[in-house]
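Structure, as C-alpha cells:
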There are 2 protein chains.
Amino acid sequence: MPTPAALDATFQALADPTRRAILARLAQGEASVMELAEPFAMSQPAISKHLKVLEHAGLISRSRDAQRRPCKLEAAPLAEATGWLIEYRKFWEKQFGQLDDLLDELKRLEAMAGKN
Amino acid sequence: MPTPAALDATFQALADPTRRAILARLAQGEASVMELAEPFAMSQPAISKHLKVLEHAGLISRSRDAQRRPCKLEAAPLAEATGWLIEYRKFWEKQFGQLDDLLDELKRLEAMAGKN
DNA sequence: GCGCAATATAACCTGATGGTTCTGAAACCT
DNA sequence: AGGTTTCAGAACCATCAGGTTATATTGCGC
C-alpha cells in the first residue's frame with residue numbers, strides 16, 4: 001500500500017525519457033554517473049539532477065567506489081506502481097478484447113517474467 | 001510499442017493524486033465534470049485542467065449529453081504503461097523474494113484479472 | 001602535496017504546472 | 001425570452017522542472 005506521495009514521486013520520475021533510459025541501463029547492472037551520462041547529449045550536472053529525482057523516488061540507490069558513486073536499480077517503487085496500474089487491467093481487457101496486440105505482448109512479457 | 005512521448009504523457013498524467021483519484025472514480029463509470037469535481041476542495045476550472053491533461057494523455061475521452069461532457073476512462077495508455085513496467089518484474093522478484101507482501105498482492109490481482 | 005577524474009552544488013534561465021478568479025458559451029427549463 | 005446550469009477559456013500568479021555554466025568537493029595516482 002504505497003502512500004500517494006510515493007506514487008507521485010514514482011510516476012513523476014518515470015515521466016521523462018532520459019530517466020526511463022537510465023533505468024533501462026541500470027537494469028543491466030550498476031553504473032557510474034559518467035557511464036550513465038555517456039549516451040546523452042546533456043551535461044553531467046543534468047544527469048546528476050535526473051539521478052537525484054530517481055533517488056528521491058527510491059528507484060535507485062547509490063554506493064561508493066573511490067570517486068565513483070555507482071547507481072543501482074531499486075525495483076520496489078516499480079512494483080508499487082505496477083500494483084496500482086494492474087487494478088485497471090480488467091478495463092483494458094474489456095476495451096481491447098483478447099486478440100489485441102498490446103494485451104498479447106503484455107501476456108507474453110508476464111509469462112516470460114514468471115519463468116525466471 | 002508506445003512512443004516515448006506517449007509514455008511521458010501517461011506517466012506525467014498519473015503523477016498527480018487528483019488525477020489518479022479521477023481515474024479511480026471513472027473506473028466505476030462515466031461521470032460529468034461537476035460530479036468529478038465534487039470530492040475535491042478545488043475550483044471547477046482546476047478540474048477542467050486536470051481533465052485536459054488526462055485527455056491529452058489519452059486516458060479519458062469525452063462525449064456530449066446536453067450541457068454535460070461525460071468523461072469515460074480509456075484504458076489503453078494504462079496498458080501501455082503497465083507493459084513498460086512489467087519488464088522490470090524480474091528485478092523486483094529478485095530483490096524481494098517470493099514471500100514479499102507486495103508481490104503476493106500483485107499476483108492475487110493478476111490472477112483475479114485473469115479469471116474475468 | 002599536486003594534479004586529475006568523478007561527482008555534487010550553486011546560480012541562473014526558460015517554460016511548464018497547478019492553482020486562482022473572472023468571463024463567456026451552450027444548452028436546458030419554465 | 002430570461003434565468004440557470006455546466007463547462008471551457010483567458011489572464012494571472014507562484015512554484016517547479018529541466019537545462020545551462022561555473023565552481024566546489026572528494027579521493028585517486030604519482
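In what follows, chains carry the letters A, B, and so on, assigned in the order in which the sequence lines appear, proteins first and then strands, with residues in each chain numbered from 1.
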| Is there a donor N/O on one and an acceptor N/O on the other, under 3.5 Å, for the side chain of A/Gln44 and the base of C/dA8? |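 Such a pair is found, so the answer is yes.
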| Any N/O donor-acceptor pair, A/Gln12 side-chain to D/dA17 base, under 3.5 Å |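 Result: no qualifying N/O pair found.
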Between atom [atom1] in [X] and atom [atom2] in [N], what is the gap in whole Å?
| X | N | atom1 | atom2 | result |
| --- | --- | --- | --- | --- |
| A/Leu14 | D/dA17 | CG | C1' | 16 Å |
| A/Lys52 | D/dA17 | NZ | P | 12 Å |
| B/Asp65 | C/dC28 | CG | P | 9 Å |
| A/Leu51 | D/dG18 | CG | C1' | 14 Å |
| B/Gln67 | D/dT6 | CD | P | 7 Å |
| B/Glu35 | D/dT5 | CD | P | 16 Å |
| B/Arg20 | C/dG18 | CZ | P | 12 Å |
| A/Glu38 | C/dA5 | CD | C1' | 16 Å |

| query | If you look at every strand shown and take non-hydrogen atoms under 4.0 Å, does A/Ala66 touch a base, only sugar-phosphate, or nothing? | reply |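 Sugar-phosphate contact only - A/Ala66 comes under 4.0 Å of backbone atoms but never of a base.
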| query | Can you tell me how far CG of A/Leu36 sits from CG of A/Leu54, rounded to the nearest 0.5 angstrom? | reply |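 Going from the CG atom of A/Leu54 to the CG atom of A/Leu36 covers 9.5 Å.
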Which nucleotide, [options], lies nearest any side-chain atom of [X]?
| X | options | answer |
| --- | --- | --- |
| B/Lys49 | C/dA8, D/dC12, D/dG27 | D/dC12 |
| B/Met42 | D/dA22, C/dG19, C/dA11 | C/dG19 |
| B/Arg69 | C/dG18, D/dT6, D/dA8 | D/dA8 |

| Do side-chain atoms of A/Arg20 reach the backbone of B/Pro4 as a donor and acceptor pair under 3.5 angstrom? |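 Judged by distance alone, yes, a pair lies under 3.5 Å.
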| task | Kindly say whether A/Leu14 contributes a backbone atom to a donor-acceptor pair with the side chain of A/Arg19 at under 3.5 angstrom? | result |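 Looks like no, no N/O pair under 3.5 Å.
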| request: Using the side-chain contact (heavy atoms from CB on, under 4.5 Å) rule, take A/Glu35 and A/Arg25 through it: C-alpha gap first, then chi angles, then the decisive distance, then the call. | output: CA-CA 10 Å; A/Glu35 287 166 352; A/Arg25 167 63 187 79; 4.2 Å; yes
Does a side-chain N or O of [X] approach OP1 or OP2 of [N] to a distance below 4.0 Å, or not?
| X | N | result |
| --- | --- | --- |
| B/Thr18 | C/dG18 | no |
| B/Arg19 | C/dG18 | yes |
| A/Arg62 | C/dA8 | yes |
| A/Ser43 | D/dT20 | yes |
| A/Ser48 | C/dA8 | yes |
| A/Arg68 | D/dG27 | no |
| B/His50 | C/dG19 | yes |

| field | same_hphob_cluster(B/Phe11, B/Tyr88) at 4.5 Å side-chain heavy-atom cutoff | value |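 In one cluster with B/Phe11: B/Tyr88, yes.
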| query | Taking for each residue the nucleotide of DNA chain D with the nearest heavy atom, is it B/Pro70 or A/Arg64 whose nucleotide lies nearer the 5' end? | reply |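 The residue mapped nearer the 5' terminus is B/Pro70.
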| message | Name the residue from A/Ser63, A/Ser61, A/Ser32 that meets the side-chain contact (heavy atoms from CB on, under 4.5 Å) definition with A/Pro70. | response |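 Considering A/Ser63, A/Ser61, A/Ser32, a side-chain contact (heavy atoms from CB on, under 4.5 Å) with A/Pro70 is found only for A/Ser63.
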